[in-house]
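Values in this document were obtained by computation on a predicted structure and should not be read as measured data.
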Amino acid sequence: MNDWYDAEQRVERAQELFAQQRWQEALEELRAAIAINPHNPAWHFNLGLTLDQMGRFQEAVAAYRRGLELEPQDPEALCRLAADLVRLGEYQQAVETYRQVEKFQPAFEPAYCGQVMAYTELADHERAEEAFYLARQFKEECPECYFHMGRSLAMRQLYDKALYCWQRTLDLDESRPGVHVLMARALRRKGDAESARRHYIDELRLDAGNVAVLLELGELLLEMGRTEEAGEKFRQAIELAPQAPAAHVSYGSWLLACGRTEQARAAVEQALALDRRCPGARLLLGRIFLIEGDRTRARRSLRAELRNVPDHPRLLMELGLLLMDSGQDFAAAGCLQRLVRLEPSSAAAWHNLAVACFQAGRYGSGMRAARRALRLSPRQVETAYNIALAYEKQRRFRRALAWTRRGLRIDPGDAALARLGARIRMLRVLHALGRMLGLRGR
């Protein structure tokens with residue numbers, strides 16, 4: 001009897017510690033209580049909640065599952081379990097767990113809300129939308145549903161609709177973290193830099209110590225030509241997180257943009273001292289070597305970056321261009337191929353892939369990439385120019401001329417295309433004369 005009473009007391013103590021955010025102490029009290037009485041599902045649920053707060057999601061999953069063995073139809077425990085499965089990347093298991101709730105409590109809105117999140121991670125956008133509208137049948141407004149629906153729409157590059165959803169999230173929960181930064185990213189994609197800047201600032205008002213947001217804001221300010229403000233943000237990030245290698249890389253990029261090459265190199269070396277595989281560090285080092293005219297070391301650094309770079313669109317684009325600048329066209333094509341798999345709707349990615357393929361002599365792959373770029377951006381004169389140039393190099397002059405004419409229909413005043421067309425016509429005549437003279441010689 002005393003043991004059972006002691007277990008109850010420990011759970012009460014754990015609840016007090018949880019409220020005080022003393023997670024480790026609360027965890028120890030709960031585990032001691034469960035060791036005495038392992039048959040109370042609510043205690044396993046509380047254990048899972050505590051582990052969630054500590055970021056120990058794998059252990060939290062185990063705790064929720066033990067509680068569900070005792071009470072299989074606990075909708076809150078099932079939804080918490082599914083949310084942790086999403087965090088762990090087990091998206092299909094998460095969907096199946098959320099769907100279990102529908103069988104015995106079909107009006108439980110959080111289960112549909114969670115499905116919006118899980119299906120978004122699976123890139124199953126049709127089902128994400130279905131779950132969103134099912135959720136609206138049971139709860140008219142839900143900030144989390146709008147938040148994740150916005151993410152689904154943004155993944156499809158439907159930025160205006162995504163921005164609407166995120167604004168509804170803020171209308172319902174103005175302090176919801178992460179919304180402003182997503183809005184800022186979408187606005188950057190739309191080319192609205194000033195509105196993006198304001199949303200980054202709003203995010204920092206909610207979380208002033210968010211180093212990742214500071215770095216993104218600094219990069220945006222650099223793009224906007226607000227150089228001194230960008231440097232201030234990068235320095236602030238380093239002050240907040242001196243052990244964060246990404247902050248040193250961003251600061252190094254800013255220093256290089258300011259023409260301070262030696263200091264930029266020192267910043268990169270600091271990042272690499274903290275993390276030898278830091279994304280972007282060797283890319284920046286490669287750019288520095290190219291500026292200094294050391295192509296050998298530039299190539300070595302850029303190849304090292306290619307081995308380590310994550311599937312990050314901006315880094316892949318930048319790396320692909322630098323690989324071409326250093327004469328590594330085959331490696332550039334491989335890098336940009338990764339990029340178009342990530343962003344198949346990016347005309348710029350397909351255009352640069354076409355250039356890399358052409359420069360590597362892979363004309364068939366280059367033509368396919370260039371045509372894809374033109375389908376996405378039909379008025380891209382530079383792509384038409386490159387196709388014409390590629391046909392010229394293959395001595396397929398009729399097709400080359402057809403592409404110069406197509407480009408000039410888009411922009412009749414393009415001098416480079418006009419010069420290319422004149423040169424191709426001359427080469428076509430010379431080629432024909434050469435063939436005629438060759439035949440007479442025989």
Side-chain angles (χ1 to χ4, degrees), residues 78-103 106-173 176-192 196 199 216 310-314 316-317 337-350 372-373 375-377:
L78 282 164
C79 285
R80 289 280 182 176
L81 168 60
D84 280 344
L85 289 169
V86 169
R87 293 185 179 105
L88 294 169
E90 301 291 344
Y91 306 126
Q92 194 58 51
Q93 281 190 49
V95 167
E96 291 165 7
T97 304
Y98 282 124
R99 296 294 295 269
Q100 287 181 44
V101 180
E102 295 179 50
K103 296 174 183 176
F108 193 69
E109 190 270 348
Y112 301 103
C113 179
Q115 286 180 56
V116 180
M117 173 175 61
Y119 280 127
T120 296
E121 295 296 344
L122 285 166
D124 190 341
H125 302 297
E126 184 176 340
R127 289 187 177 176
E129 286 197 30
E130 288 174 5
F132 176 84
Y133 289 112
L134 281 168
R136 300 288 65 74
Q137 293 181 28
F138 305 111
K139 184 178 179 181
E140 186 175 351
E141 303 279 22
C142 170
E144 286 301 301
C145 276
Y146 279 113
F147 179 82
H148 293 295
M149 194 66 246
R151 291 179 58 244
S152 171
L153 292 162
M155 287 170 70
R156 288 173 276 169
Q157 300 185 357
L158 300 171
Y159 297 122
D160 289 330
K161 291 182 178 181
L163 288 163
Y164 169 80
C165 284
W166 289 325
Q167 186 56 57
R168 294 296 300 126
T169 302
L170 291 173
D171 292 342
L172 297 165
D173 180 5
R176 204 294 182 189
V179 184
H180 285 293
V181 73
L182 290 176
M183 295 180 80
R185 289 170 185 167
L187 288 161
R188 284 179 76 178
R189 291 296 187 94
K190 282 169 56 66
D192 189 347
H199 278 288
E216 287 191 34
D311 285 339
H312 187 297
R314 182 183 63 79
L316 287 169
M317 178 72 87
Q337 191 67 56
R338 285 171 60 186
L339 176 58
V340 296
R341 282 197 293 269
L342 286 175
E343 295 199 326
S345 300
S346 169
W350 285 103
R372 183 73 174 268
R375 283 200 295 273
L376 293 165
S377 181

Rounded at 0.5 Å granularity, tell me how far NE2 in His199 sits from CZ in Arg188. 13.5 Å
Begin from the C-alpha positions of Val86 and Tyr91 and carry the test side-chain contact (heavy atoms from CB on, under 4.5 Å) through to its verdict. CA-CA 5 Å; Val86 169; Tyr91 306 126; 4.0 Å; yes
Considering only heavy atoms from C-beta outward, does the side chain of Leu339 approach that of Pro313 to under 4.5 Å? yes
Please determine which of Glu129, Arg127, Glu126, His125 meets the side-chain hydrogen bond (donor to acceptor under 3.5 Å, both in side chains) test together with Ser152. His125
Using a strict threshold of under 4.0 Å (side-chain N to carboxylate O), is an ion pair present between Arg341 and Asp311? no
Side chains of Leu153 and Cys165 in contact at under 4.5 Å (non-hydrogen atoms): yes
Could you give the distance from OH (Tyr119) to CE (Met149), rounded to the nearest 0.5 Å? 13.0 Å
How long is the gap from CE on Met117 to CG on Leu122, to the nearest 0.5 Å? 11.0 Å
Can you check whether Trp350 reaches Ser345 side chain to side chain, under 4.5 Å on heavy atoms? no
Minimum heavy-atom distance Tyr159-Ala154, with the two atoms named: CE2-O, 3.7 Å
Do the non-hydrogen side-chain atoms of His180 and Trp166 ever get within less than 4.5 Å of each other? no
Quick check for you: to the nearest 0.5 Å, what is the distance between Glu102 atom CD and Leu78 atom CG? 11.5 Å
Derivation and outcome, side-chain contact (heavy atoms from CB on, under 4.5 Å), residues Gln115 and Glu130: CA-CA 9 Å; Gln115 286 180 56; Glu130 288 174 5; over 6 Å; no
Passing candidate, salt bridge (Lys or Arg N to Asp or Glu O under 4.0 Å) with Glu343, options Arg372, Arg189, Arg156: Arg189
Give, for atom CD of Glu121 and atom CG of Leu85, the distance between the pair rounded to the nearest 0.5 Å. 12.5 Å
Can a donor-acceptor pair be found, under 3.5 Å and without considering hydrogens, that links the side chain of Ser377 to the backbone of Ala373? no
Considering all heavy atoms, the nearest Ala82-Ala94 contact: O-CB, 3.5 Å
Can you name the nearest heavy-atom pair linking Cys113 to Ala135, along with the distance? N-CB, 4.3 Å
Could you pull out all donor-acceptor pairs under 3.5 Å where a side-chain atom in residues 140-147 meets a protein atom, sequence neighbours excluded?
{"residue": "Glu141", "atom": "OE1", "partner": "Tyr146", "partner atom": "OH", "Å": "3.0"}
{"residue": "Glu141", "atom": "OE1", "partner": "Arg168", "partner atom": "NH2", "Å": "3.4"}
{"residue": "Glu141", "atom": "OE2", "partner": "Arg168", "partner atom": "NH2", "Å": "2.7"}
{"residue": "Glu144", "atom": "OE1", "partner": "Arg176", "partner atom": "NH2", "Å": "2.9"}
{"residue": "Glu144", "atom": "OE2", "partner": "Arg176", "partner atom": "NE", "Å": "2.8"}
{"residue": "Glu144", "atom": "OE2", "partner": "Arg176", "partner atom": "NH2", "Å": "3.2"}

Would you say CZ of Phe138 has more than 12 non-hydrogen atoms from neighbouring residues, nucleotides or ligands within 6.0 angstrom? yes
Going from CG on Leu342 to CE on Met317, what distance comes out if it is rounded to the nearest 0.5 angstrom? 11.0 Å
Is the shortest heavy-atom distance from the side chain of Gln167 to the side chain of Met183 under 4.5 Å? yes
Listing request: all salt bridge (charged side-chain N to carboxylate O under 4.0 Å, His left out) pairs with a residue in residues 108-119, at least two apart in sequence or in separate chains. Glu109-Arg136
Any idea which heavy atoms bring Val116 and His148 closest together, and the distance? CG1-CB, 3.8 Å
Show the nearest heavy-atom pair for residues Leu376 and Pro344, with the distance to one decimal. CD1-O, 3.7 Å
